[in-house]
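Every chain is numbered from 1 and lettered A, B, ... according to where its sequence line falls, protein lines coming before strand lines.
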2 protein chains.
Amino acid sequence: MAQAVQASIGDSEFDRDTAVSLRAPGVYDAELSAGWTIVRAVNGGYLLALLGRALGEALPHPDPFTVSAHYLTASQPGPAVIRTEIVRTGRTLSTGQASLVQFEEDGTEVERIRVLATYGDLDALSDDVRTTAAPPAMAPYEQCLGPADGPVAIPGSSAITERLNIRLDPATVGWAVGAPSGKGEMRGWFSLADGRDADPFSLLLTVDALPPTSFELGLTGWTPTVELTTHIRCRPAPGPLRVSITTRNLAGGFLEEDAEVWDSRDRLVAQSRQLAKAPR
Amino acid sequence: MAQAVQASIGDSEFDRDTAVSLRAPGVYDAELSAGWTIVRAVNGGYLLALLGRALGEALPHPDPFTVSAHYLTASQPGPAVIRTEIVRTGRTLSTGQASLVQFEEDGTEVERIRVLATYGDLDALSDDVRTTAAPPAMAPYEQCLGPADGPVAIPGSSAITERLNIRLDPATVGWAVGAPSGKGEMRGWFSLADGRDADPFSLLLTVDALPPTSFELGLTGWTPTVELTTHIRCRPAPGPLRVSITTRNLAGGFLEEDAEVWDSRDRLVAQSRQLAKAPR
């Protein structure tokens, strides 16, 4: 009897598409896969994960603790280079910088994203957990809606939706049927479609993988990320993640999106905030 | 009759102590004033403001929109150099990088803080405000407590307390009388002691000027900032600011502090999140 082989950490689409190869000290080659596009744009979380992996190679500590990314120009599927710099190494934390660049036809280098990040060892953290935040009130997985459920259609061709298993809370899909809630909220269950469990690098993808809260605020159109800072606080347990995103300050043509990622053991494994330009 | 001259934006202690002078293209001299120390350490928000001013000089856009700072080594009062780099300039936004460095006795350069920041023009933003966040429930100014009220004593010599007019909400000063609330909250009114109104650069100071929430969580000792990302969303109106800080994820020896700054017109003018190491 043929048995489906589930992907695993280290052997999955995500790992292959975020792999980097060292070409010179601190310089890595990467290939931006067209498999992680949303409406033809390469997903910002996928790019963040790629940069995170390069810095994980470059720095003496393995796990991203806090990653600050400023998005400069739109990335395109295809070859890219990541230039890293070690800023400081310490006993428990190290800080690095990374630039993802691509090249125009005439060879001009264009920077896409610049990142500052501090890394540590998540396995070395104490298990003293006094989190007072509570997991989001989320509809059970079976009641949440994914692309196959019909109405939740992402406009345009979006390869990333085939690689993610996102099920949105029915309370946050009004936008998909022309009835946005008016609340800056987006919630859902998240896992990788090929079954790979989450890890610190896939969490960098996760915080930017859901539809934007602007959809529920009745805005249509692109909500480009200006800057995204992510804290990875814990190695996620196996199993699906719950992602809850909130916007409370849509003003002056910009908005913030605060994301929380909770794992199957009810640990708050990642928190992020991005500043994005609101659609016009 | 002698009249006290109130300090103003551009002519105040804060402006003098965050001034930078250009010494070479993109390179600025600064003096880290001992006037902004807390328990002998130079306050992180003051340093952020200094870096913010240098980037404001270097970049074509005047106002910080989002500033991501990674704190590397402890700064000392005295001379410093800020090296800036223009990363990208656009029509409405520009991104830059800045490093604050100091020099050891043998001349070795040591980096203190590295910052990535995206700047714009706050006066060019639309006045379409749909903020759903609400100002914090704060005790009235007259009921809030400052250093002169006795029990709110900051341990150690702290020159910064003479330059700030901070009045803490009585609900968040239990730590000062040995009765911490156990809640990760710190709230208070904030203004500069010499009467200077707030501006985008002083907001960078404001988000890191209150006592740490760890005090109310019953922890004593140093809570050093690892990384601090601040969004400046609006030019603050004249008058005192309300600052509300919340911690919900004290875990594994680290904690996050989320700060909101509200102005006298009830605008949410700044939001920040820092990752800090919890006291042992």
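- For the atom pair CZ (A/F254) and CG (B/L122), the distance works out to 9.0 Å, reported to the nearest 0.5 Å.
- In this structure, chain A has a heavy atom under 4.5 Å from the backbone of B/T247, while its side chain stays farther away.
- Residue B/E256 touches chain A through both its backbone and its side chain, counting heavy-atom pairs closer than 4.5 Å.
- The shortest heavy-atom contact between A/S68 and B/L116 is O-CD1, 4.2 Å.
- Interface remark: of the candidates A/S99, A/A117, A/G90, A/A117 forms the most heavy-atom pairs closer than 4.5 Å to chain B.
- For chain A, the nearby part of B/Q274 is the backbone; its heavy atoms alone come within less than 4.5 Å.
- Comparing B/D127, B/L255, B/T73, B/V87 by heavy-atom pairs within less than 4.5 Å of chain A, the highest count is held by B/V87.
- Side-chain contact, B/H70 with A/T95: no donor N or O sits under 3.5 Å from an acceptor N or O.
- For the residue pair A/E227 / B/H231, a side-chain donor-acceptor distance below 3.5 Å is found, with atom types taken as modelled.
- Neither the backbone nor the side chain of B/T89 comes within less than 4.5 Å of any heavy atom of chain A.
- The part of B/D128 that comes within reach of chain A is its backbone (N, CA, C, O), which places non-hydrogen atoms under 4.5 angstrom from that chain.
- Proximity to chain B (any heavy atom under 4.5 Å) is shown, for A/R114, by both the backbone and the side chain.
- Contact between B/L125 and A/G252 at its shortest, heavy atoms only, is CD2-O, 3.4 Å.
- Between chain B and the options A/S126, A/C234, A/G253, the largest number of non-hydrogen pairs under 4.5 Å is found for A/S126.
- Both the backbone and the side chain of B/R273 come within contact range of chain A, judged by heavy atoms closer than 4.5 Å.
- Taken from CG in B/L72 to CG in A/L93, the straight-line distance is 10.5 Å, to the nearest 0.5 Å.
- Heavy-atom distances place both the backbone and the side chain of B/T66 under 4.5 Å from chain A.
- The choice from A/K277, A/E111, A/Q271 that makes the most heavy-atom pairs within less than 4.5 Å of chain B is A/Q271.
- Residue B/R233 touches chain A through its side chain alone, counting heavy-atom pairs closer than 4.5 Å.
- Between the CG atom of B/D258 and the CG atom of A/D258 there is a distance of 6.5 Å, given to the nearest 0.5 Å.
- Of the atoms belonging to B/K183, not a single heavy atom falls under 4.5 Å from chain A.
- Heavy atoms closer than 4.5 Å to chain B are found in the side chain of A/Q97, but not in its backbone.
- In this structure, the side chains of B/L217 and A/R130 stay at 4.5 Å or more apart for every pair of heavy atoms.
- Using a 4.5 Å cut-off between heavy atoms, B/T229 contacts chain A through its side chain alone, with no backbone atom that close.
- Side-chain contact between B/E260 and A/N249 is absent, with no heavy atoms from C-beta onward closer than 4.5 Å.
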